Amino acid sequence: MSEKDEKINSLVDMGFSEDEANMAITRCGVDGDLSILIDSISASRVAGTLDLSNHQVTNRFFDCFGGRKKARLLEERKKKRKRYGGTTQGNQPSLDCNHDEHMLIPNPMVGFNLPNYSPPSIRVTRRILEQDIGPPYFYYENVARALNGVWTTFSRSLYGIQPEFVDSKHLCAAARKRGYIHNLPIDNRAPLLPLPPKTIFEAFPRYKKWWPSWDRRTQFNCLLTSVASATVTERIQHALESTGNPPPPSVTERIMAECKRYNLVWVGKNKAAALEPKEIEYLLGFPKDHTRGVCDTNRYKSLGNTFHVDTVAYHLSVLKGMFPNGVNVLSLFTGIGGGEVALHRLGINMRTVVSVEIDKASKRIFRDWWDQTQTGTLIEIDDVKSLTNDEVAQFVTRLGGFDLVIGGSPCNNLAGCNRYTRNGLNGEKSVLFYEYVRILNVVKSAMARK
DNA sequence: TACACTATGACAAACACG
DNA sequence: CGTGTTTGTCATAGTGTA
């Protein structure tokens, strides 16, 4: 079989038509990665059916830039297109293989809507192609501030659907800037109740006692995968003890930088400390002791990598009315089960969850939670790469289809704090995004055949 | 092998300013 | 408008201990 035929076969397996596959190979060449071909097909679907000059999401939050600034951004985009388009890339159409488009992140980062967010939002209308409306519903997540162009690729690979960017600080006491692409309805969402506390003191009143007046934080920064150790807090304590009260600005500024970076709290006189795992569980909407039983390093790591339950639950809440008999879920990059915990807290019964997760500690945490709270079936798979198209199709047949495909692919190579391997979407871990696309497309086409 | 701890100081993108 | 400044980030590699 020639390389071209092989690629066409793979693409057809994923649910693309033979014509589409042929076109993509003509445009991008037979040497291109499968991912580039998928991009190309998705792009032409979008280009062919939607008018890109008119935003499909009319949302006042995308209009929140002042006129001048917006005009400037548009100018820059034009310039970039000029710079990267056409001539330097041979005869490649710029829309297909150009990853340099900007994706505007709305400010404030409140998504399409939020519970109790005022002023009442102007009605958001979002159009999704008929063929891409669920079931299966899908829900994809990653860091909002990825490298430029990455979200354009996410969107393009996921049927041109506009991402929804939400900073969870609008829902809880910690920032968590994330983008979500999904084909769920966005009307009639309902938050989990009670609404979580939105300030540090509401969440942890006991820290008021030792909180210095010059620490003006009211919310935490993003909860990361590792925390400050004793030397950091000792250094702070020493600095405070060796200066007067109040300490000079030079000292407080340095200390504040550490506090913000590590999300420190004040637990005694001059004594700052890292948040405990159970406190992070609470902030992120997990049940008490959810991650208990593995070592602290693994608890922090898996918590740093997970969803904010309340944010995700708010988006998934629309499923409750649609599936009174429960759902079958394909959960990719499950981690400690943020999506499942959200469904559970929404009162949505999970008949079956096929969970793909490679990390042993996360798997154990999730399995323990499942055994203690669920009556449905859990099927565990280790690695997305080893999950073949045939196996996915067999699951679809066996279970009668998936109602929800949910997952957030690795951000390691996209996250700003990675100084070593922030090499973008083709990095070792983040490239697994394309496995999500592959598997989702197989599910879609297998369900369409039924 | 598993864990705890430490130092590291990159980088894009938003922002402020003239 | 360019240009310098600030901000914040689902992190990693290496070392030592048990």
Side-chain angles (χ1 to χ4, degrees), chain A residues 64-66 68-73 75-77 79-80 100 102-109 140-151 165-169 174-180 217 219-235 253-254 256-263 274 277 280 283-286 291 293-309 311-312 333-339 357 359-362 364 407-425 427-430 432-433:
Chain A
C64 57
F65 298 104
R68 262 202 336 240
K69 191 169 181 183
K70 198 174 176 184
R72 200 187 79 205
L73 281 168
E75 263 316 297
E76 278 175 6
R77 287 164 73 179
K79 271 190 211 160
K80 277 210 163 176
D100 295 291
H102 272 297
M103 176 75 68
L104 297 181
I105 294 183
N107 183 17
M109 204 188 283
Y140 175 78
E141 177 263 10
N142 214 318
V143 291
R145 294 181 154 184
L147 299 178
N148 243 345
V150 167
W151 273 101
F165 292 102
V166 184
D167 187 340
S168 294
K169 76 176 182 183
R176 203 164 190 81
K177 297 176 179 63
R178 297 292 181 268
Y180 307 88
R217 287 176 298 160
Q219 291 192 302
F220 293 112
N221 278 339
C222 186
L223 304 165
L224 303 179
T225 55
S226 53
V227 291
S229 56
T231 39
V232 174
T233 53
E234 269 170 31
R235 209 157 56 210
E253 275 166 26
R254 205 162 45 80
M256 280 315 301
E258 301 272 53
C259 287
K260 286 179 183 175
R261 176 175 165 192
Y262 290 112
N263 282 317
I280 299 179
L283 288 168
L284 291 176
F286 285 87
T291 62
V294 300
C295 71
D296 278 5
T297 310
N298 282 335
R299 293 181 77 181
Y300 284 122
K301 185 176 161 200
S302 56
L303 283 165
N305 279 308
T306 194
F307 292 160
H308 176 232
V309 171
T311 305
V312 171
F333 315 104
T334 304
I336 59 173
E357 171 59 49
D359 182 75
K360 282 198 179 114
S362 297
R364 190 182 145 199
S409 64
C411 69
N412 312 31
N413 311 117
L414 309 174
C417 53
N418 185 349
R419 296 196 303 282
Y420 300 96
T421 53
R422 194 187 190 192
N423 43 15
L425 200 44
E428 187 191 349
K429 303 279 170 45
S430 296
L432 294 177
F433 162 71

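Only this structure's heavy atoms are used, side chains among them; waters, hydrogens and symmetry mates stay out. A note on names: the letters A, B, ... follow the listed sequences, proteins ahead of strands, and every chain is numbered from 1. Remember, it's a predicted structure, so these values are computed and weren't measured experimentally.
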Trainee: Of the nucleotides B/dC3, C/dC10, C/dA11, which has the atom closest to the A/Cys222 side chain?
Mentor: C/dC10
Trainee: Should A/Arg178 be listed as having a side-chain N or O under 4.0 Å from OP1 or OP2 of C/dC10?
Mentor: yes
Trainee: For A/Leu414 and B/dA12, give me the distance from atom CG to atom C1', rounded to whole Å.
Mentor: 12 Å
Trainee: If you check every side-chain atom of A/Thr421, which of C/dT12, B/dC15, B/dC11 has the closest atom?
Mentor: C/dT12
Trainee: Rounding to an integer number of Å, can you tell me how far A/Asn263 CG sits from C/dT7 P?
Mentor: 16 Å
Trainee: Would you say B/dA13 has OP1 or OP2 under 4.0 Å from some side-chain N or O of A/Asn148?
Mentor: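 The answer is yes; a side-chain N or O of A/Asn148 sits under 4.0 Å from OP1 or OP2.
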Trainee: Report the distance from atom CG of A/Asp167 to atom P of B/dA13, rounded to the nearest whole Å.
Mentor: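 Taking atom P of B/dA13 as the reference, CG of A/Asp167 is at 17 Å.
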Trainee: Output the single nucleotide from C/dT9, B/dA14, B/dC3 whose closest atom is nearest the side chain of A/Arg145.
Mentor: B/dA14
Trainee: Just how far, in rounded Å, is C1' of C/dA11 from CG of A/Leu147?
Mentor: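 Interatomic distance, CG of A/Leu147 to C1' of C/dA11: 14 Å.
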Trainee: Against A/Leu303, only a single residue in A/Asn298, A/Ile336, A/Leu223 fulfils side chain to side chain contact (heavy atoms under 4.5 Å, CB included); can you say which?
Mentor: A/Ile336
Trainee: Rounded to whole Å, please give me the gap between CE in A/Met109 and P in C/dT9.
Mentor: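 The answer, rounded to whole Å, is 10 Å.
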Trainee: What distance, rounded to whole Å, do you find between the two C1' atoms, one in B/dG9 and one in C/dT6?
Mentor: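 The same atom, C1', in both gives a distance of 15 Å.
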Trainee: Would you say A/Asn412 places a side-chain N or O within less than 4.0 Å of OP1 or OP2 belonging to C/dT12?
Mentor: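 Answer is yes, contact under 4.0 Å.
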Trainee: Below 4.0 angstrom from OP1 or OP2 of B/dA4, is there any side-chain N or O of A/Thr297?
Mentor: yes
Trainee: Does OP1 or OP2 of B/dA10 have a side-chain N or O of A/Asn418 closer than 4.0 Å?
Mentor: no
Trainee: Check the phosphate of C/dT7 against A/Asn221, side-chain N and O only, distance under 4.0 Å to OP1 or OP2. Yes or no?
Mentor: no
Trainee: Out of C/dC10, B/dC15, B/dA7, which has the shortest distance to the side chain of A/Thr225?
Mentor: C/dC10
Trainee: Quickly work out the A/Phe165 CZ to B/dA14 P distance and round it to whole Å.
Mentor: 11 Å
